[in-house]
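Everything quoted here is computed from the prediction, not taken from an experiment. Below, read A as the first sequence line, B as the second, and so on, with proteins coming before strands; counting in each chain starts at 1.
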Amino acid sequence: MQQKLNLYNTLTRKKEVFEPLHAPFVGMYVCGPTVYGEPHLGHARSAVTFDILYRYLKNQGYKVRYVRNVTDVGHLENDADSGEDKIQQKAKLEHLEPMEVVQHYTNIYHEELRKLNVLPPDIEPRASGHIIEQIEMIQEILDNGFAYEVNGSVYFDVQAYQKDHNYGKLSGRVVEDLLGNTRDTEGQGEKRSPVDFALWKKASPTHIMRWPSPWSDGFPGWHLECSAMSRKYLGTTFDIHGGGLDLMFPHHECEIAQNKASCDHGEGARYWIHNNMITVGGQKMGKSLGNFINLSQLFSGNHEMLEQAYSPMTIRFFILQAHYRSTLDFSNEALQAARKGYTKLMNGLNILKKIRYTEDTAAVEPDAKLNEELLKLTEDCYRGLNDDLNTARTIASLFNLLKKINSLNLGQIKMEQLSRGTFDTIRDTYQELVLEVLGLQEEALGDVEEMLDLVLQFYKEAKEAKQYDKVDVIRAELKKQGIVIKDLKTGIDWAYEE
RNA sequence: GGUAACGUGGCCGAGUGGCUAGGCUCAGCUCUGCAAAAGCUGCUACAGCGGUUCGAAUCCGCUCGUUACCUCCA
């Protein structure tokens with residue numbers, strides 16, 4: 001496979017060939033959730049998108065260190081002086097310790113992502129576990145003259161930074177424009193300029209989450225954790241930084257500024273990857289609009305917008321059938337179509353498990369053209385992924401391949417028309433991409449107990465008809481599954497074999 | 001107001017200037033005891049108007065429409 005992976009880099013606004021700094025190692029940092037609420041479809045999109053990147057990089061032989069954080073402190077409700085921490089606010093509301101809130105929602109996040117078959121990251125650092133690193137970074141930024149202290153709080157000095165650097169290079173913002181924007185001048189208070197942002201906030205007397213620092217008892221600003229933790233685990237220059245498009249500004253812009261301001265010789269992330277939003281009726285799905293659907297609601301169908309429940313793999317397929325940089329519109333119709341498409345791919349997997357390559361027995365000529373066509377289809381599957389992780393194209397190619405697999409299964413294409421190499425290639429490609437790279441897996445079949453009841457019904461009928469050969473077969477086959485039939489006076493039942 | 005996108009057939013959703021992605025839906029056919037599945041066939045679209053070009057869904061301009069970011073959001 002001579003194709004190379006191309007990724008769209010937000011920094012350059014171009015697709016670029018991905019070349020890691022220190023192949024075969026790849027460092028990848030992705031912004032995880034702020035754990036103060038249940039994960040919704042939008043979280044799933046981000047997680048699945050970067051799961052594909054992680055899986056594909058590993059599939060291509062890279063040794064990836066995947067770091068995805070959990071924000072458990074410092075994410076303010078607003079940027080004004082009275083800004084309250086999201087976690088703390090939730091804790092007050094629910095009469096819980098902040099860390100109880102954090103643990104609760106982190107657990108749910110993990111649980112839901114596991115259902116979506118999203119691989120866990122290699123390191124999952126928490127902001128609260130890296131206060132020391134963050135304080136150190138603030139000190140460096142202060143020492144370099146890019147921050148100032150006011151009343152125990154420390155703010156990043158964007159205009160000082162702007163003299164030698166380019167604040168806005170990621171998001172395309174221009175500092176003068178930002179300054180000219182007088183839309184919201186209230187609550188600036190201590191900040192010298194509205195574009196400055198907090199590195200450290202002094203805690204008010206009632207604030208529960210607080211740590212000692214050289215400046216005050218307080219807590220770190222939200223943007224800082226990602227700078228500090230990515231540097232700690234991946235270095236001052238690393239390969240990939242990912243996150244939702246809505247984090248591009250100000251979060252990621254601030255991150256870059258902090259990295260540069262604390263350590264000028266590091267580049268930070270070289271490739272910035274942003275996934276687009278899920279929309280509902282063309283509008284962004286988000287907390288503030290209240291139009292979001294939690295993953296648990298999707299899985300249970302318990303939401304007014306949902307006509308039915310949708311399985312985790314249906315959701316995963318739904319996400320993968322669009323390119324990650326496009327918005328993806330939620331609708332019941334789209335999810336129902338996704339469910340069918342997913343099932344179709346799974347049926348292909350089952351067929352491949354069953355069919356075997358058979359050597360030429362009949363006088364059927366190997367079909368060179370067909371072999372070539374099939375091999376091209378397998379290449380197309382990878383071509384999609386290599387073109388900026390275009391899973392939509394990969395899935396389309398897999399469906400094309402599936403058509404041939406189905407034809408092969410029905411004998412419309414004779415196995416002898418293929419070479420063994422071609423057959424192995426299409427089988428391996430299909431299985432590898434569906435299972436390992438796209439991360440689609442079979443979901444449990446229907447109710448096992450109901451199926452067992454059906455078998456017991458046949459057992460009963462066979463016994464009544466005195467067809468003991470059939471009876472013996474049923475018993476033997478069930479025993480292979482670790483199940484024994486119990487003929488009781490009261491009826492027939494089953495139990496696990498002890 | 002500033003910045004950036006987007007507008008593709010009944011629906012979702014790809015798309016490198018020329019060789020009509022794919023899925024779902026619908027209709028027909030093959031197969032089938034009846035079905036289902038699968039295969040085949042059909043429904044052939046690119047917001048509008050100009051321009052560049054031998055040729056544009058794809059490049060450029062204008063118009064209309066939708067959205068995102070600029071405040072928290074994956």
* **Residue mapping more 5' on RNA chain B - nearest nucleotide basis, A:Phe249 or A:Gly243** => A:Phe249

* Per-nucleotide protein contact string for nucleotides 6-18 of chain B (B base, S sugar-phosphate only, - none; heavy atom under 4.0 Å) -> ------SSSS---

* Asked: Residues two or more places apart in sequence or in another chain: which of them pass side chain to side chain contact (heavy atoms under 4.5 Å, CB included) with A:Phe292?
  -> A:His40, A:Met285, A:Asn294

* How does RNA chain B read in dot-bracket, base by base from 5' to 3', with Watson-Crick or G-U pairs under 3.5 Å and | used when the partner is on another strand? -> (((((((..(((.....[...))).(((((.......)))))....(((((..]....))))))))))))....

* **C1' gap between B:C24 and B:C43, integer Å** => 14 Å

* Structure fact -> Contact string for nucleotides 26-46 of chain B, one letter per nucleotide 5' to 3', B = base within protein heavy-atom range under 4.0 Å, S = sugar-phosphate only, - = neither, reads ------------SSS------

* What does A:Arg339 touch in the nucleic acid at a heavy-atom separation under 4.0 angstrom: a base, only the sugar-phosphate, or nothing? -> nothing

* **Nearest-angstrom distance from the residue atom NE2 of A:His223 to C1' of B:C70** => 13 Å

* Asked: Between B:A21 atom P and A:Arg383 atom CZ, what is the distance in whole Å?
  -> 16 Å

* Asked: Choosing from B:C24, B:A74, B:G22, which nucleotide comes nearest the side chain of A:Met285?
  -> B:A74

* **C1' gap between B:C46 and B:C12, integer Å** => 15 Å

* Structure fact -> Those residues at least two apart in sequence (or on a different chain) that pass ring pair (Phe, Tyr, Trp, His ring centres under 6.0 Å) with A:His110 are none

* Should A:Glu38 and A:Leu295 count as side-chain neighbours, where that means a heavy-atom distance under 4.5 Å? -> no

* What residue pairs, at least two apart or across chains, pass salt bridge (Lys or Arg N to Asp or Glu O under 4.0 Å) with a residue in residues 320-332 of chain A? -> A:Arg325-A:Asp388

* To do: Scan A:Gly244 against the nucleic acid and name what it touches under 4.0 Å (heavy atoms): base, sugar-phosphate only, or nothing.
  => sugar-phosphate

* Could you label the plane-to-plane angle of the A:Tyr66 and A:Tyr54 rings as parallel, tilted or perpendicular, counting under 30° as parallel and over 60° as perpendicular? => tilted

* C1'-based separation of B:A14 from B:A21 [nearest Å] -> 6 Å

* Which residues share a side chain to side chain contact (heavy atoms under 4.5 Å, CB included) with A:Ile208, sequence neighbours left out -> A:Gln88, A:Pro98

* Separation of A:Met248 atom CE from B:A74 atom P, in whole Å? -> 16 Å

* Structure fact -> Here the residues of residues 270-283 of chain A within 4.0 Å heavy-atom distance, strictly under, of RNA chain B are A:Asn275, A:Asn276, A:Met277, A:Ile278, A:Gly282

* **Rounded distance (Å) that lies between atom P of B:U71 and atom CH2 of A:Trp222** => 12 Å

* Polar side-chain atom of A:Thr10 near backbone of A:Trp272 as donor-acceptor pair, under 3.5 Å -> yes

* **Any A:Lys284 side-chain N or O less than 4.0 Å from OP1/OP2 of B:C69** => yes

* For the rings on A:His252 and A:His223, is their centre-to-centre separation under 6.0 Å? -> no

* Asked: Please give, in whole Å, the distance from B:A74 C1' to A:Tyr105 OH?
  -> 17 Å

* **B:G13 to B:U53 separation - P atoms, rounded to the nearest Å** => 36 Å

* To the nearest angstrom, how far is A:Leu178 atom CG from B:C69 atom P? -> 15 Å

* Between B:C49 and B:C54 - C1' atom distance, rounded Å -> 23 Å

* To do: Not counting sequence neighbours, list each pair that qualifies as a salt bridge (Lys or Arg N to Asp or Glu O under 4.0 Å) and has a residue in residues 166-175 of chain A.
  => none

* Please measure how far the C1' atom in B:G9 lies from the corresponding atom in B:U25, and state the result in whole Å. => 12 Å

* Structure fact -> Here the ring-ring contact (aromatic ring centres under 6.0 Å, His included) pairs for residues 294-353 of chain A, sequence neighbours left out, are none

* To do: Would you classify A:Asn409 as touching base, sugar-phosphate or nothing, given that sugar-phosphate means primed atoms plus P, OP1 and OP2, and contacts are heavy atoms under 4.0 Å?
  => nothing

* Nearest whole angstrom, please: distance from the P of B:A68 to the CG of A:Leu245. => 12 Å

* Are any non-hydrogen side-chain atoms of A:Leu179 and A:Ser193 less than 4.5 angstrom apart? -> yes

* Asked: Between A:Lys86 and A:Gln89, is any pair of side-chain heavy atoms under 4.5 Å apart?
  -> no

* Asked: Taking the same atom, C1', in B:U52 and in B:C59, what whole-Å distance lies between them?
  -> 8 Å

* To do: Would you indicate whether the side-chain heavy atoms of A:Ile413 and A:Lys404 approach each other to under 4.5 Å?
  => yes

* Asked: Do A:Tyr271 and A:Phe18 have ring centres separated by under 6.0 Å?
  -> yes

* Structure fact -> Quick note, salt bridge (Lys or Arg N to Asp or Glu O under 4.0 Å) partners involving residues 283-309 of chain A, not counting sequence neighbours, are A:Asp246-A:Lys284

* Asked: Just how far, in rounded Å, is P of B:U3 from OH of A:Tyr167?
  -> 18 Å

Validation: residues 345-355 of chain A side-chain donor-acceptor distances under 3.5 Å, sequence neighbours left out:
from	atom 1	to	atom 2	distance (Å)
A:Asn350	OD1	A:Lys353	NZ	3.3
A:Lys353	NZ	A:Glu442	OE2	3.0

* Asked: For atom P, what is the distance between B:A45 and B:U8, given to the nearest Å?
  -> 15 Å

